[in-house]
Amino acid sequence: MKDDIAKAIEKAIGRLKSEGVIPSQAAASVPIEIPKDPKFGDFASPVALSLAKEAGLKPRDLALKIAGEVMEEKDPLILKVEVAGPGFINLYLADKWLDHAVKAIRKAGSDYGRSGNGAGERVNVEFVSANPVGPLNIVNARAAAVGDSLVRMMNFTGYKAESEFYVNDAGNQVGVLTDSVYARFRQSLGEDYPFPEEGYQGLYVKDMAEKAKEEFGPELANMPPEEAKRLLRPFSLKQMLEWQKKSLKAYDVEFDTWTSEKSLRDKGAVEEALDRMRDNDDLYEEEGAVWFKSTKYGDDKDRVMIKGDGEYTYVAPDFAYHLDKLGRGFTKLIDVLGPDHHGYQGRMQAGIKSFGYPEGTLYVLILQLVTLLRGGEAVKMSKRAGEFITMDDLLEEVPKDAARYFFIMRNTNSHLEFDMEVAAKSTPDNPVWYVQYAHARCCSIFEKAQREGTDLTLMEGADCSLLNHPTETALVRRMSVFPDELWAAVEELQPSRMARYAYELAGEFHRFYTECRVVSEDVALSAARLALVDAVRITIANLLPLMGISAPERM
RNA sequence: GCGCCUGUAGCUCAGUGGAUAGAGCAACUGCCUUCUAAGCAGUGGGCCGUAAGUUCGAUUCUUACCAGGCGCGCCA
């Protein structure tokens, strides 16, 4: 409906343009909003306010002209158009539109909200990509929730989006992990074997050492350390990856692709990427190192690609990795990163440009920090002392649905306060329950109606124009903008918008539920309200899975 | 010092170049013989960090400053 209204106003503006009232080059987009106060109409547009200057008219006068044009050739669903305030165009819709809107939602069913807006563009969303050296942490968990929701939302709106996890299995961090496991292994045999200075202290390293003992037997101790570590390295890596996969699965996050840095290196992808930069004259040698002239593409300083000792810096394989993704046919790359990586953005954008891809190919979404609270008190975490809450720990305290909602409920560039006690509760302060409860209530109405012998097929012939109660029209309005809200969330890469929309929709439903009895003696009204409730059920059932949250039928 | 993010109600956060700046929590007051009260309605609470600029109009855009967070390696 929002679209139809925007089109009607666009047409009106088009006619005014051809009459020369508005200059033809004036911007074309027509914003439509739901007014805060229903007395300002079902929908409103401030378009005249922004166009007034170019037209050389007072906003109000222009609004009157546009309104006049809209009425001239008006959509039968539009009842009247008014101009109010400084120049808002307020549209009031005929009751018939309620019927249209509800029927459209029910007809679309599980496809309500789905669109082809993404036009099949192939998008790669990379997220989490934690080093395979320890358990997943809370920022990883936020990245998992945000990244996975983005992929789901994008696929629902016509993109071909895939999720990807980049495994840093070639760097020296895995070496440190291997050394740590090896040391714990020797210690477990009663030896006084030194633990590496930068080694990983966590208990899981000891567990892995025990597993290694089972796997390889005590003869591992008799091998030269280098040989033992050659066995331990892939073994440790595999354990870590399995652990991380398991943690993610518990959050309903599964990746389409896991790409290994090592495999990229092995097939010469790094050299290939560097050659490409060299061909562009973007590499140079200085002080015994090879540098990428990233300042040429807007980075604040040039970056070393090959160190003095002949090793790559971590960025070189990262460039190769991005080039690899692009080589697989993705035209848009999204990297979801933690707050400590924002400095990474400039060099990576520079690399993409050096490879010849257009501006806007890569989008880096930076997530801000998460502060964990328990009952309003900050949870003390000390990495050094090995005291920190992992993603797994969190799930033991907070149900998956609540965790996922909490992780996406804030804008990505806002710090997130996550109170585990609130998230774990089933009380009104917990927004997840509020939304799920709305869905359960819808289902419960049908269950009750059926049990009491109400003929549910009555819905099919329902006349939803009867839904005149303010809470009913508000509910229909809110539902009708779901596709627009979803698309806005996708364009802004902000799943938080979906979380908020879900909350608002649930609120409209709870108000309706309190004010209006669905099943009553009035057969026609009951039929209309059942259809309305069905539409709500459909909308919520479609949007919760986009956030990886279930829509329970009973609570 | 430089860069990125943030500064809106007691707390956590929405929001927008324009109509009286919103929600949840916390406080207080009402509403269950009726489809789940895990709900609803209401009251109180705001120099939208400070100052200047652009504008008919700024909480929104620009700049400076103040405050908080995070980064700034031939570490990953």
Side-chain angles (χ1 to χ4, degrees), chain A residues 31 33 35-37 39-40 44 46 48-50 52-53 58-59 84-88 90 129-131 133 168 170-174 176 198 261 286-291 300-301 303-315 317-318 338-346 364 366-369 371 373 376 409-419 422 425-434 436-438 440-449 451-452 454 471 496-497 499-500 503-504 506-507 509-520 526 529-530 533 554-555:
Chain A
E33 53 199 36
K36 283 169 260 179
D37 192 327
K39 79 177 179 219
F40 294 128
L49 297 163
S50 51
K53 193 164 204 173
K58 283 186 191 146
F88 283 96
N90 296 335
S129 297
N131 278 318
V133 293
N168 291 100
N172 56 27
Q173 302 219 31
V174 180
V176 174
E198 299 291 313
E261 177 185 357
E286 200 174 282
E287 298 167 26
V290 177
W291 298 70
D300 3 324
K301 50 185 159 190
R303 307 289 170 176
V304 172
M305 294 288 109
I306 305 175
K307 299 189 274 183
D309 62 5
E311 295 284 322
Y312 295 126
T313 57
Y314 77 96
V315 231
D318 275 4
D340 47 339
H341 282 76
H342 63 73
Y344 175 91
Q345 217 174 137
V364 179
I366 300 286
L367 300 180
Q368 293 303 320
L369 284 179
T371 309
L373 306 175
M409 76 180 171
R410 299 295 177 225
N411 193 300
T412 52
N413 50 23
S414 290
H415 291 214
L416 171 65
E417 289 218 348
F418 190 132
D419 195 320
V422 174
K425 276 195 289 191
S426 31
T427 59
D429 11 338
N430 190 335
V432 195
W433 294 94
Y434 186 80
Q436 291 182 316
Y437 183 47
R441 269 184 154 175
C442 289
C443 295
S444 136
I445 290 169
F446 283 111
E447 202 180 294
K448 175 93 193 272
R451 208 167 51 233
E452 292 180 356
T454 307
T471 60
S496 59
R497 285 193 65 139
R500 198 161 319 109
Y503 188 81
E504 284 165 1
F509 174 75
H510 289 309
R511 281 186 279 280
F512 155 75
Y513 182 93
T514 308
E515 294 288 327
C516 304
R517 170 129 197 121
V518 176
V519 181
S520 66
S526 298
R529 285 182 172 165
L530 281 169
V533 171
R554 206 168 306 159
M555 288 170 73

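Chain naming here is simple, since letters A, B, ... match the order of the sequence lines and numbering starts at 1 in each. In what follows, every heavy atom counts, from backbone to side chain, and hydrogens, waters and symmetry copies are set aside.
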>> Between B/rC48 and B/rU8, how many Å separate the two C1' atoms, rounded to a whole number?
In response: 4 Å

> How is A/P86 classified with respect to the nucleic acid when contacts are heavy atoms under 4.0 Å: base, sugar-phosphate, or nothing?
Replying inline: sugar-phosphate

> Does A/T371 make a side-chain N or O approach to OP1 or OP2 of B/rU12 shorter than 4.0 Å?
Replying inline: no

> Which base, if any, makes a Watson-Crick or G-U wobble pair with B/rC61, both distances under 3.5 Å?
Replying inline: B/rG53

> Under the rule syn = chi within 90° of 0, otherwise anti, which is B/rC47?
Replying inline: anti

> From the list B/rC13, B/rA41, B/rU20, which nucleotide is the closest neighbour of the side chain of A/D37?
Replying inline: B/rU20

>> My understanding is that a pair needs two contacts under 3.5 Å, Watson-Crick or G-U wobble. By that rule, which nucleotide pairs with B/rA14?
In response: none

> Considering Watson-Crick and G-U wobble pairs with both distances under 3.5 Å, what does B/rC70 pair with?
Replying inline: B/rG3

> Across the strands shown, which category fits A/S50 at heavy-atom distances under 4.0 angstrom: base, sugar-phosphate, nothing?
Replying inline: nothing

> Are A/D318 and A/Y344 close enough that a side-chain donor and a side-chain acceptor fall under 3.5 Å?
Replying inline: yes

> What does A/R511 touch in the nucleic acid at a heavy-atom separation under 4.0 angstrom: a base, only the sugar-phosphate, or nothing?
Replying inline: sugar-phosphate

> Contact class for A/C516 vs. all strands (heavy atom < 4.0 Å): base, sugar-phosphate, or nothing?
Replying inline: base

> Stacking check: are the rings of A/Y503 and B/rA23 less than 5.5 Å apart at their centres and under 30 degrees in tilt?
Replying inline: no

> Does any nucleotide pair with B/rU20 by Watson-Crick or G-U wobble geometry, both distances under 3.5 Å, and what is it?
Replying inline: none

>> Check the phosphate of B/rC40 against A/Y434, side-chain N and O only, distance under 4.0 Å to OP1 or OP2. Yes or no?
In response: yes

> Considering only the P atoms, how many Å lie between B/rU43 and B/rU34, rounded to the nearest integer?
Replying inline: 27 Å

> With a 4.0 Å cut-off, would you call A/R511 and A/E515 a salt bridge?
Replying inline: no

> Does A/R441 make a cation-pi contact with A/Y513 (under 6.0 Å, within 45 degrees of the axis)?
Replying inline: yes

> Does B/rA37 have OP1 or OP2 sitting under 4.0 Å from an N or O in the side chain of A/R441?
Replying inline: yes

>> Considering every strand and a 4.0 Å limit on heavy-atom distances, what is the contact class for A/Y513: base, sugar-phosphate, or nothing?
In response: base

>> Whether A/N430 contacts B/rA38 is assessed here as follows: a side-chain N or O lying under 4.0 Å from the phosphate OP1 or OP2. Is that the case?
In response: no

> Who is the Watson-Crick or G-U wobble partner of B/rC31, with both distances under 3.5 Å?
Replying inline: B/rG39

>> For the CZ atom of A/F418 and the CE atom of A/M409, what is their distance to the nearest 0.5 Å?
In response: 7.5 Å

> What do the steps show when you test A/L530 against A/V519 for side chain to side chain contact (heavy atoms under 4.5 Å, CB included), and what is the final call?
Replying inline: CA-CA 7 Å; A/L530 281 169; A/V519 181; 4.3 Å; yes

> For every nucleotide of nucleotides 70-76 of chain B, 5' to 3': is a protein heavy atom under 4.0 Å from its base (B), only from its sugar-phosphate (S), or from neither (-)?
Replying inline: BSSSBSB

> Looking across every strand, which nucleic acid part, if any, lies under 4.0 Å from A/A44 by heavy atom: base, sugar-phosphate, or nothing?
Replying inline: base

> B/rU6 and B/rC40: how far apart are their P atoms, nearest whole angstrom?
Replying inline: 31 Å

>> Strictly distance-based, threshold 3.5 Å: is any side-chain N or O of A/T371 a donor or acceptor partner for the main-chain N or O of A/E417?
In response: no

> Can you tell me how far the CZ atom of A/R500 sits from the CZ atom of A/R497, to the nearest 0.5 Å?
Replying inline: 7.5 Å

>> Base, sugar-phosphate or nothing for A/A52? Non-hydrogen atoms, less than 4.0 Å.
In response: nothing

